[in-house]
Structure formats: structure tokens, C-alpha cells
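Residue numbers start from 1 in every chain, and the chains themselves are labelled A, B, ... in the order their sequence lines are given, proteins ahead of strands.
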Amino acid sequence: MSSSEETPSNFIYDIIRDDLKSGKNDGRLMTRFPPEPNGYLHIGHAKSICVNFNARTLKEGAICNLRFDDTNPAAEDVEYVDSIKEDVRWLGFDWGGNIFFASDYFETLYQFAQRLIQDGKAYVDSQSIEDIRKNRGDFYKPGVNSAYRDRSVEENLDLFQRMRAGEFDEGSHVLRAKIDMASPDLNLRDPLMYRIRKTTHHRTGDAWPIYPIYDFAHGLSDAIEGITHSICTLEFQDHRPLYNWFVENTGPGNQPQQIEFARLNLTYTILSKRNLQKLVESKRVGGWDDPRMPTVSGLRRRGYTAASITNFCERIGVTKRDTVVDVGLLEHSIREDLNAKAPRVLAVLRPLRVVIENMPEGEVHEFEAPYHPKDESFGNRIVPLSRVIYIERDDFLEDPPGKFKRLAPGREVRLRYACLITCNEVVKDDAGEIIELRCTWDPESLGGMPADGRKVKGTIHWVSAAHAIPARVNLYDRLFNKENPMSNPDGVDFLDNLNPDSMETLNECLVEPSLSSAKPGDHFQFERTGYFNLDPLAAKGSYQFNRTITLRDTWAKKGS
RNA sequence: UGGGUCGUCGUCUAGGGGUAGGACAAGGGACUUUGAAUCCCUGAACGAAGGUUCGAUUCCUUCCGACCCAACCA
């Protein structure tokens with residue numbers, strides 16, 4: 001975590017490097033990742049986490065704080081605090097002892113507010129919520145001063161103390177900064193600093209009947225911690241003057257620099273906590289960690305690795321452009337990582353029974369098969385073959401098209417790692433459905449190569465009926481079938497863009513016996529079908545696999 | 001009709017007064033006991049118009065387009 005050799009370059013890191021070089025902030029570098037614990041982290045947060053935590057590579061001894069922006073108890077919960085910590089850690093980032101909560105600063109913030117009142121820079125406003133909104137004006141019309149704007153310092157102090165003491169009802173008073181009701185930046189039109197909320201806070205309980213608002217709390221929390229570079233997303237650009245105002249007029253000396261970058265957008269994906277919450281609450285998904293969710297916990301359960309996510313975040317870069325990243329890039333990142341890391345195994349998703357007629361019942365042949373085609377360190381395992389096997393339904397076609405190289409009547413194909421078989425007969429039920437294939441094998445082709453050197457193009461996967469383990473497999477696909485789920489013809493809700501086929505459960509899969517030692521969360525490549533992991537949350541001892549991503553399939557692509 | 005920000009291949013992103021680079025996607029080929037992986041090749045971009053300049057995608061001006069802002073959310 002030192003030399004900036006492998007540190008990616010972007011405009012934020014350029015600013016930081018310049019500041020470091022010029023000796024700004026006494027050469028200190030401190031960033032922070034400031035989530036509000038009101039939902040689960042998603043891949044957009046992962047981008048922010050990478051930007052903030054990886055900034056540490058720019059300077060020996062640099063620090064990145066994990067700070068919870070928990071100033072709105074109505075929306076927040078410890079469940080979210082816990083999941084956020086777990087997700088940040090899982091992504092591979094260690095905040096050491098630097099974990100903080102804005103709620104830890106409530107007392108200090110309260111004193112800062114009193115100081116602003118004393119300096120005549122803040123006042124208690126007693127207008128109704130409607131009047132506050134109305135008097136704020138709009139984009140083209142300046143606001144008008146509140147009738148309470150010129151209350152005396154003494155009265156303001158008294159009122160504010162009584163707000164804090166819990167004497168007033170919600171909505172009766174707020175504390176506002178006295179800046180400029182005519183500012184073209186609406187944020188500067190006497191922004192609210194405190195509102196009365198008699199809500200129990202997940203950390204401070206009922207100690208506070210008033211809670212600070214983001215603009216007041218955030219910048220000052222940064223200043224208190226000694227943050228040097230406060231990195232956030234573009235929508236806060238308009239807040240920067242306010243951020244600076246609070247720190248300049250109140251802060252403990254240190255003036256952090258707010259820098260904004262564009263938040264992540266992904267095709268076929270929504271990344272707003274509000275809408276993700278809608279999916280959860282409307283039960284369109286199984287929860288925040290549903291494998292179809294773009295949450296860190298969902299991706300993890302789906303089988304995405306931390307490395308694939310951080311690599312992805314590095315690839316997309318950091319800029320101020322409002323862009324939409326092709327979800328295919330994320331998919332590429334996980335294929336790339338799993339290609340290197342996942343052992344290969346044989347698993348049949350939609351089994352078709354095959355009887356090898358010239359192999360006696362009870363006879364078992366064992367083949368040694370490598371777990372990885374390119375990396376010997378993965379080792380080998382034994383796969384058993386016997387008279388009855390199962391192959392993938394898709395790997396047999398009664399009337400195959402020209403370039404189909406799998407099994408068909410009269411054709412020969414290789415069973416991966418094992419031998420060659422030829423299809424002699426197709427057995428159908430009364431409905432005409434193919435229920436079984438009768439084949440013969442070439443005992444001279446042990447391992448898969450024929451003794452006479454004849455060419456066999458097709459290789460398919462299979463399992464031995466007597467040895468296979470029954471399994472359930474969840475096939476996941478994109479949650480939405482529209483590239484931009486949020487752009488809709490009038491009246492159509494984004495929920496109407498859900499992909500009805502985003503999940504398909506296969507209950508009669510068969511996997512090779514070596515999988516008996518698989519542990520929850522383990523990643524595998526089921527040869528020729530995709531990458532899967534043993535569901536980390538599945539019941540103990542059950543074989544439930546989640547499909548992380550399919551293999552690239554140029555054959556299917558050409559066919560369509 | 002206000003304020004803020006942004007326009008580079010289909011997508012994301014470098015670069016920067018002198019041949020516009022990379023990744024993903026796409027197309028083609030080689031290899032292959034995964035129609036995977038790997039390797040090779042190909043096509044593909046500076047929003048527009050003026051100005052400055054020997055030369056502008058880069059600097060200037062204007063225009064056009066996109067996004068954000070009027071929660072007691074963050």
C-alpha cells in the first residue's frame with residue numbers, strides 16, 4: 001500500500017498528488033467513505049469505496065475513515081450499519097480503528113450551532129413547513145426573508161436550547177443558517193441546520209429530540225476528523241459553497257476540500273437505494289441480498305468475487321461525465337476472475353438419460369480429470385463412469401443443423417475426460433418426448449482419444465447416474481429487460497420493466513461426486529455452462545448452486 | 001426565464017497546439033478433450049460553427065445537446 005506505481009490515475013488523484021506536492025494540509029492525506037445506514041451498499045458505493053480507500057496508496061500513512069452519516073434516525077438502522085461494515089471488509093478494505101459516526105459528534109455539532117447563533121449567523125425559524133418552502137422562492141424568483149429572521153441572539157439561543165430540551169413539537173421550529181435568501185444557489189437560501197424529530201436513534205436512543213441536517217453535519221464531521229479531501233458525487237456540487245460556509249464559519253480550523261465525481265450508472269440496472277428498497281419491500285426480490293440485486297451482498301451471493309468488483313471499479317475510471325457503463329463490462333470482470341480461480345467440474349442441468357449398452361451393469365471406470373485446464377496447482381479428481389449416465393438435453397438433437405457438433409443419431413461424441421460414445425437409438429415416450437438414448441462406447445478411447453486417431457469434434461459434459469449428486473440450481477439473468485429501466489413511456493413504472501425470466505430454478509440437476517466436499521460460497525465452473533457458486537446462504541448440507549454468469553457462447557450468438 | 005456541471009470509437013476511458021491510445025462490445029482467423037480460455041487481425045471517435053495559429057480535438061467566442069438543484073433526505 002505504498003508506491004503509486006499501480007495506483008490508477010484520475011482527476012481526483014491528480015488533485016491530491018498536486019496538494020501533496022505543494023505541502024497543503026501539512027502533507028497529510030485523509031479521506032472518508034460516509035454511507036448513511038439506511039440501506040445496503042451497492043456497486044455504485046463500491047466505486048466510491050475504491051476511490052476513497054485506494055487514495056491511501058498516494059501517500060504513506062494516509063487514512064480513510066469509515067464514517068456513518070447517521071443524522072436521520074427515521075430511515076436508519078443497525079442492520080444497515082452491520083451490513084455496510086461486512087461489505088466494506090469483504091471488498092478487501094480495512095479501516096483499522098478509523099470507524100466513526102456522525103452521531104458521535106451530536107454534542108460538538110450542537111455547540112457549533114450555538115456559536116453560529118451567537119455570531120448572528122443562525123436563527124430559529126418558526127414558519128410552517130409550507131411557508132418555508134413557499135418563501136424559498138424558485139429558480140427564477142428570489143426567496144423572501146422569514147418574519148423570524150431577525151430574532152435576537154438571546155431569543156434564538158433560548159429557543160434552540162428549548163428545542164434541544166424537547167419542549168417543542170416536531171415541525172414547530174427549525175434552526176436555519178442566515179446566509180442569503182436571494183442567492184441563485186437555492187442551497188444558500190438560509191438552509192436548515194436542525195429539525196425537531198422525536199424519533200429514537202439507533203445509537204443515541206432518545207437523547208436527542210433534534211437532529212442536524214446533512215449540509216450542516218457532513219462538512220463539519222469531515223472537519224472534526226481532519227479529512228483533507230472530501231470526495232462525493234456530482235449532485236453535491238451545488239452544496240459545495242454551503243459546505244465551505246459551515247466549515248469557514250464554524251469549523252475547527254481544518255478546511256477539507258470537497259471534490260465531486262460522477263456516480264456509477266449501469267445498463268439494465270437500477271442503482272438508487274430508494275428504488276432498490278422498493279424492490280425489496282414489494283417482494284419482487286428475496287431481499288437486499290437477492291442474487292439479482294446490484295448490492296454488494298447480492299453480488300457476493302450471486303458468486304461475484306471482491307476482486308472482480310474492484311477490478312471493474314478500476315476499469316470504469318473516475319470522471320465528472322454523466323455516463324452509463326455497459327453491464328457487460330461487469331460481466332467480463334467476473335468471467336475474467338473466475339476463469340483464473342474457479343475449478344472446473346461436470347454438472348448436468350437438464351438431464352437426459354443415456355444407456356451405454358455395451359458396458360456391463362456394475363462396471364465402473366474411473367478417470368482422472370484436472371480441475372483447471374491451464375493451472376496444474378488446482379490438482380485433479382476422479383470422475384467415475386458407468387453404464388447409465390446423464391447428459392445435457394441441449395447436447396442431443398435428433399435432427400441437427402449443419403455445424404452442430406454434439407450428439408445426434410448415428411453420431412459419435414466425446415464424453416469429457418472419459419471416452420467416445422455413439423448414439424444408436426432414440427427412445428421416446430407416448431407423447432413423443434425423448435426420454436433416453438441408447439449408445440455404445442469405444443473401450444479403446446479411454447480418456448477421450450480414439451486408438452485409431454480419428455477426429456471427433458464434439459465434447460460434451462456428463463455425469464454417472466450411480467454416482468451423481470442431485471442438486472438444485474438457480475439460473476439468474478438480468479433483473480430488468482430494458483437497458484435503462486428508469487426511462488419509461490408515460491405511466492409505466494420501473495417495476496414494469498422487470499425481466500420475468502430473471503430467475504429460473506432447476507430442481508433436477510446432477511453434479512459430479514467430487515462436489516460433495518464443496519463449501520458454501522465456493523466457486524466452480526460447470527464446464528460448458530457457466531460459473532456457479534454453492535449458495536452461501538443455502539441450508540446446511542443442501543446442494544443449491546447459483547449461476548453467477550454464463551460462459552461466453554459464440555455458438556448461441558451465431559444461432560440467434 | 002436562474003444557478004451548477006459535462007460533451008473523445010456502440011460503451012467506458014487516456015491524451016493533449018503536430019500520426020487520437022487502451023479496455024469492453026462487434027466482425028474475422030488460428031488453436032482447442034469446455035462452441036470456454038488463449039493468440040492474431042479488422043473496422044470504429046474528438047457535439048457544431050466561427051476565431052487565434054504554419055498547424056486546433058486541444059486555446060478563445062458563440063451555439064447546440066445532456067445531466068443536477070426549489071425534502072424539516074443524504
Open item on the list: Between the base of G35(B) and the side chain of Arg552(A), is one N or O donor paired with an acceptor at under 3.5 angstrom?
Closed with: no
Task: Matching residue for His173(A) among Phe168(A), Phe160(A), Tyr148(A) - test: ring pair (Phe, Tyr, Trp, His ring centres under 6.0 Å) - done: Phe168(A)
TODO: Compute the ring centroids of Phe236(A) and Tyr214(A), then answer whether they are less than 6.0 Å apart.
DONE: yes
Open item on the list: On the nucleotide C68(B), are OP1 or OP2 found under 4.0 Å from the side-chain N or O atoms that Arg263(A) carries?
Closed with: no
- [ ] Rounded to whole angstrom, note down the P distance from A37(B) over to G28(B).
- [x] 15 Å
Open item on the list: Counting the atoms with a prime plus P, OP1 and OP2 as sugar-phosphate, which does Glu331(A) contact under 4.0 Å by heavy atoms, base, sugar-phosphate, or nothing?
Closed with: nothing
- [ ] Find which nucleotide of RNA chain B each of Asp70(A) and Tyr417(A) is nearest to by heavy atoms, and output the residue with the more 5' nucleotide.
- [x] Tyr417(A)
Task: base_contact_polar (G4(B) base, Asp185(A) side chain, donor-acceptor, <3.5 Å) - done: no
- [ ] Answer yes or no: does a side-chain N or O of Arg195(A) lie under 4.0 Å from OP1 or OP2 of A74(B)?
- [x] yes
- [ ] Report which part of the nucleic acid Phe404(A) touches: base, sugar-phosphate, or nothing (heavy-atom distance under 4.0 Å, all strands).
- [x] base
Open item on the list: Over all strands shown, is Asn339(A) touching base, sugar-phosphate only, or nothing at heavy-atom distances under 4.0 angstrom?
Closed with: sugar-phosphate
Open item on the list: I want to check a possible cation-pi pair here: Arg381(A) against Tyr371(A), using under 6.0 Å from ring centre and within 45° of the ring axis as the test.
Closed with: yes
Task: Residue from Phe532(A), Phe526(A), Tyr476(A) passing ring pair (Phe, Tyr, Trp, His ring centres under 6.0 Å) with Phe545(A) - done: Phe526(A)
TODO: Using a 4.0 Å heavy-atom cut-off across all strands, classify Arg274(A) as base, sugar-phosphate, or nothing.
DONE: nothing
Task: Distance under 6.0 Å and angle within 45° of ring axis: Arg416(A) vs Trp462(A) - done: no
Open item on the list: Checking contacts here: which listed nucleotide (G35(B), G27(B), C72(B)) is nearest the side-chain heavy atoms of Asp553(A)?
Closed with: G35(B)
TODO: Heavy atoms under 4.0 Å is the rule here; annotate nucleotides 9-16 of chain B 5' to 3' with B where the base is hit, S where only the sugar-phosphate is, and - elsewhere.
DONE: --SSSS--
TODO: Would you verify whether the NZ or CZ of Arg547(A) falls within 45 degrees of the ring axis of Tyr531(A) while also being under 6.0 Å from that six-membered ring's centre?
DONE: no
- [ ] Mind checking Lys374(A) for me? I need base, sugar-phosphate or nothing, with any heavy atom below 4.0 Å counting as a touch.
- [x] base
Open item on the list: Just to be sure I understand the rule, does Ile129(A) reach a base, reach only the sugar-phosphate, or reach nothing, if contact means heavy atoms closer than 4.0 Å?
Closed with: base
Open item on the list: Can you tell me whether the side chain of His239(A) and the base of A74(B) have a donor-acceptor pair closer than 3.5 Å?
Closed with: yes
Task: C24(B) to A14(B) separation - C1' atoms, rounded to the nearest Å - done: 15 Å
Task: N or O in side chain of Arg197(A) less than 4.0 angstrom from C73(B) OP1/OP2 - done: yes
Open item on the list: Measuring from the side chain of Glu527(A) (C-beta onward, heavy atoms only), which nucleotide among A36(B), U34(B), A26(B) has the closest atom?
Closed with: U34(B)
Open item on the list: Classify Lys403(A) by what it touches in the nucleic acid, base, sugar-phosphate, or nothing, heavy-atom distance under 4.0 Å.
Closed with: base
Open item on the list: Taking any heavy-atom pair under 4.0 Å as a contact, classify Tyr194(A): base, sugar-phosphate, or nothing.
Closed with: nothing
- [ ] Please tell me which of the listed nucleotides, C72(B), G35(B), C69(B), lies nearest to the side chain of Leu186(A)?
- [x] C69(B)
Task: Whether Trp555(A) stacks on the six-membered ring of G35(B) base, 5.5 Å and 30° limits - done: yes
- [ ] With Arg151(A) as the cation and Tyr123(A) as the aromatic partner, state whether NZ or CZ is under 6.0 Å from the six-membered ring centre and within 45° of the axis.
- [x] no
TODO: Compare every heavy atom of Gly219(A) with every heavy atom of Val247(A), then report the nearest pair and how far apart it is.
DONE: CG2-O, 3.8 Å
Open item on the list: Taking G3(B) as the reference, what is the distance to C12(B) when you measure between their C1' atoms (whole Å, please)?
Closed with: 29 Å
- [ ] Look at the side chain of Glu260(A) against the base of U5(B) and say whether a donor-acceptor pair falls under 3.5 Å; ignore hydrogens and angles.
- [x] no
Task: Phosphate OP1/OP2 of A71(B): any Arg133(A) side-chain N/O under 4.0 Å - done: yes
Open item on the list: From CG of Leu415(A) over to C1' of U34(B), roughly how many Å is that when rounded to an integer?
Closed with: 14 Å
- [ ] Fit a plane to each ring of Trp288(A) and Tyr40(A), take the angle between them on a 0 to 90° scale, and name the class: parallel (under 30°), tilted (30 to 60°) or perpendicular (over 60°).
- [x] parallel
Open item on the list: Using atom P in both nucleotides, what's the gap between U57(B) and A45(B) to the nearest angstrom?
Closed with: 15 Å
- [ ] Report the glycosidic orientation of A71(B): syn if within 90° of 0, anti in every other case.
- [x] syn
Open item on the list: Does Pro34(A) reach a base, just sugar-phosphate, or nothing at all? Heavy atoms under 4.0 Å.
Closed with: nothing
Task: Nucleotide of C69(B), A74(B), G35(B) approaching Phe139(A) most closely (side-chain heavy atoms) - done: C69(B)
- [ ] Starting at the 5' end of RNA chain B, write a dot or bracket for each base, bracketing those in Watson-Crick or G-U wobble pairs whose two distances are under 3.5 Å and using | for partners on another strand.
- [x] .((((((..((((....[..)))).(((((.......)))))....(((((..]....))))))))))).....
TODO: Going by the ring pair (Phe, Tyr, Trp, His ring centres under 6.0 Å) test, name the single residue among Tyr110(A), Tyr194(A), Phe106(A) that passes it with Tyr211(A).
DONE: Phe106(A)
Open item on the list: Roughly how many Å apart are A44(B) and G10(B), using the P atom of each and rounding to a whole number?
Closed with: 10 Å
Open item on the list: Please report the distance separating the C1' of C46(B) from the corresponding atom of C59(B), rounded so that it comes out in whole Å.
Closed with: 15 Å
TODO: If the plane angle is over 60° it's perpendicular, under 30° parallel, otherwise tilted; pick one for Trp555(A) and Phe404(A).
DONE: tilted
Open item on the list: Can you identify which nucleotide, out of C69(B), A74(B), U1(B), has its nearest atom closest to the Asp238(A) side chain?
Closed with: C69(B)
- [ ] Considering only atom C1', compute the distance from U19(B) to C6(B) and round it to an integer number of Å.
- [x] 28 Å
TODO: Considering just the side-chain nitrogens and oxygens of His332(A), establish if one lies under 4.0 Å of OP1 or OP2 belonging to C24(B).
DONE: yes
Open item on the list: Does a side-chain N or O of Thr554(A) approach OP1 or OP2 of A36(B) to a distance below 4.0 Å, or not?
Closed with: yes
Task: Residue whose nearest RNA chain B nucleotide is more 5′ - Gly328(A) or Arg136(A) - done: Gly328(A)
TODO: Have a look at Thr529(A) and say if it touches a base, only the backbone sugar-phosphate, or nothing, with a 4.0 Å heavy-atom cut-off.
DONE: nothing
Open item on the list: Over all strands shown, is Lys141(A) touching base, sugar-phosphate only, or nothing at heavy-atom distances under 4.0 angstrom?
Closed with: nothing
- [ ] Select one nucleotide: of G2(B), C73(B), U34(B), the one nearest the side-chain heavy atoms of Arg344(A).
- [x] U34(B)
Open item on the list: Before we go on, tell me: are the rings of Tyr268(A) and Phe480(A) under 6.0 Å apart, centre to centre?
Closed with: no
TODO: Indicate the atoms forming the closest heavy-atom contact of Val511(A) with Ala347(A), along with that distance.
DONE: CG1-CB, 3.7 Å
